Amino acid sequence: MTTPARRALARLAGGMRRFLTAWRRSIQARVVTSTVLLCLVVGGATGWFLLRTTRDGLVEQRVERVLAEASAETAQARNRLSFATGTDVDASGQRDDLIAPIIARGAASGFAVVLSPPVGERTGLRAGGVRFTQNLDVASVPPSLARQFDRVAPTAWTFTEIRTRGPVSRVDPGPGIVVASQVTLPADGRTYTLYYLYPLSEQEATLGLVSRALLGAAAFLLVLVAGVTWLITRQVVNPIRRARRVAERLASGHLQERLRVTGEDDLARLAVSFNQMASNLQRQIRQLEELSRLQRRFVSDVSHELRTPLTTVRMAGDVLHDARDEFDPVTARAAELLQTELDRFEGLLGDLLEISRFDAGAAVLDADDVNLVDVVHRVADTTRVMAERRGTRVVVHEPDQPCLAQADARRVERIVRNLVSNAIDHAEGGDVIIRLAADQEASALTVRDHGVGLKPGESAMVFNRFWRADPARARTSGGTGLGLSIALEDTHLHGGWLQAWGRRGAGAQFRLTLPRTLGRPLRHSPLPLVPEDAEVGT
């Protein structure tokens, strides 16, 4: 394929894409196009019917006139022959006084004449002795009609195609009507066949004029219908488009936007209802924002206010915990439980403060180049004691190359620690497996356990605050119920993905994906979300 052809195809494809885009997005374009196509179909059917009716009427009138004229010519020929003798015959056996006047009148009236030899003496019009109008092609007479008049037959007619020879002809070539009639010479009893060929050029010209008039009227009506439809649909579509733009601005946070109301029709009432809905939404959203702001402030204030009494209680708890060997067993056990719960309470306060910072939009990143492999090893070392206490192991499958990403090392380590601690808590004695991978765009790690798993639909709820798959299950790792929520917020702060997969009885897997360059959108992850052993089991 040549370059110009490829460019033409590319332009055609571009035009089709633009048309399809306009067709999908514009109600006005669809209405106008559909109306024009419907009018085109209806107008085409109506025009075809009118043309067919006009043609049939013209042809029918022409046939009636032709038959009458041919009958008159034949009657005149018979009248002349009734007074003729047998002396006016040419060398071929045909009569000059029979054909010459008819040819002369035909030349003046615009029809042609063919005189065949006597019936029974010669076969076909291509034989010798045929007399006809000058420059007429005798083949204009249909062979079927000529065979019909090889014997004595009544007058008949049919349609034909008149053909001529030479540049000058006394009859117009083209569609025509041929009428065949026979006359008998009284002197010798021989019968001759006269073929009258009448052109339909006038009817063809009239039909062409009517066709052009119909086409012009149809084109004008199509343009008029398209313009009227466009104007009418514009009156309906423009308010809808304004409502769409206002709705988009409302969705983007401009709650003060309203539609302009003009008139009292249905569209005006729709605009009034839309504005009332927008006002109610604005009021409710502001109420919810104020309530949320008060809740965030309450959580933040309570968390800060609890710091001071917690410090005092922590000091007293440390004293009791250090002196637990001097107490009786029950008191010593109470001191240990107090210390454990104080640790959990302190962690809960820290998580609440962190959540309040996320809600207030005050969380910021201290980004640097981070190797996820080093982060995973640090987390594995810090959680080893907890894993051994739960009878499990943390196994790291690291790649041959570093898994680098621009990230906040403290936040990434907190994400991984929350994921590993959650996996240890639900591993049911199985190993916790961590895998890492990286490519040119992203770095990722997965944390896999083979514990109780998740039910269908729980993978989207696992990041909710204080959510538990089993409310009766104790937090053996001392978690606060906010770890995965904070991990998700930390991930979103990096522009990454934190996803969960799980199946009841087959364990769960969490996948963390971070962009190699901060701010670059993610399109894929180097690691699959569904583990390979789960796919094999499926």
Side-chain angles (χ1 to χ4, degrees), residues 59-165 169-201:
V59 171
E60 184 177 353
Q61 292 178 0
R62 179 62 172 166
V63 169
E64 291 177 356
R65 290 198 302 268
V66 162
L67 289 177
E69 189 173 347
S71 177
E73 292 291 340
T74 304
Q76 291 182 15
R78 289 195 182 104
N79 188 34
R80 285 194 305 273
L81 289 175
S82 64
F83 298 100
T85 64
T87 60
D88 299 327
V89 180
D90 60 7
S92 63
Q94 293 188 346
R95 300 186 59 87
D96 289 336
D97 59 347
L98 177 63
I99 187 67
I102 301 177
I103 291 177
R105 283 193 298 274
S109 301
F111 66 90
V113 183
V114 176
L115 175 65
S116 70
V119 174
E121 295 185 7
R122 292 185 178 90
T123 302
L125 294 176
R126 295 186 179 276
V130 179
R131 300 290 300 277
F132 53 87
T133 301
Q134 182 182 3
N135 290 336
L136 177 71
D137 188 352
V138 180
S140 300
V141 178
S144 59
L145 185 64
R147 287 193 299 269
Q148 181 180 347
F149 283 85
D150 286 342
R151 58 189 180 279
V152 177
T155 300
W157 69 274
T158 186
F159 293 106
T160 187
E161 183 72 21
I162 299 177
R163 293 185 288 272
T164 58
R165 296 175 178 175
S169 176
R170 296 182 178 181
V171 63
D172 296 330
I177 300 172
V178 57
V179 181
S181 185
Q182 291 179 332
V183 294
T184 302
L185 185 65
D188 55 11
R190 289 185 295 181
T191 299
Y192 296 86
T193 303
L194 286 168
Y195 297 96
Y196 304 95
L197 290 93
Y198 295 88
L200 294 175
S201 55

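Nothing here was measured: the structure is a model prediction, and the numbers come from that model.
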Could you tell me if the side chain of P199 sits less than 4.5 Å from the side chain of R62, heavy atoms only? yes
Between S140 and Y195, does the side-chain hydrogen bond (donor to acceptor under 3.5 Å, both in side chains) criterion hold? Intermediate values first, please. CA-CA 10 Å; S140 300; Y195 297 96; over 6 Å; no
Heavy-atom pair with the smallest gap, counting every atom of L136 and V113: CD2-O, 4.3 Å
How many angstroms lie between atom CG of L197 and atom OG1 of T164, to the nearest 0.5 angstrom? 11.5 Å
Taking the side chain as every heavy atom from C-beta outward, state whether V179 and V66 have any pair of such atoms under 4.5 Å apart. yes
Would you mind reporting whether Y196 and E69 have side-chain heavy atoms less than 4.5 Å apart? no
Looking only at non-hydrogen atoms, find the nearest pair between A70 and Y198 and report the distance. N-OH, 3.5 Å
When you look at L200 and I177, which way does the side chain to side chain contact (heavy atoms under 4.5 Å, CB included) test go after all the steps? CA-CA 7 Å; L200 294 175; I177 300 172; 3.8 Å; yes
Just so I know, are the side chains of S71 and T155 near enough to count as touching, which here means a heavy-atom distance under 4.5 Å? no
Heavy-atom pair with the smallest gap, counting every atom of V152 and Q182: CA-OE1, 3.2 Å
Value for OG (S181) from OH (Y192), rounded to nearest 0.5 Å, stands at 15.0 Å
Taking atom CZ of R65 as the centre, does the number of heavy atoms from other residues, nucleotides or ligands within less than 6.0 Å exceed 12? yes
Could you tell me whether the side chain of I162 reaches within less than 4.5 Å of the side chain of V178, counting heavy atoms only? no
Can you tell if the side chain of L194 reaches within under 4.5 Å of the side chain of E73, non-hydrogen atoms only? no
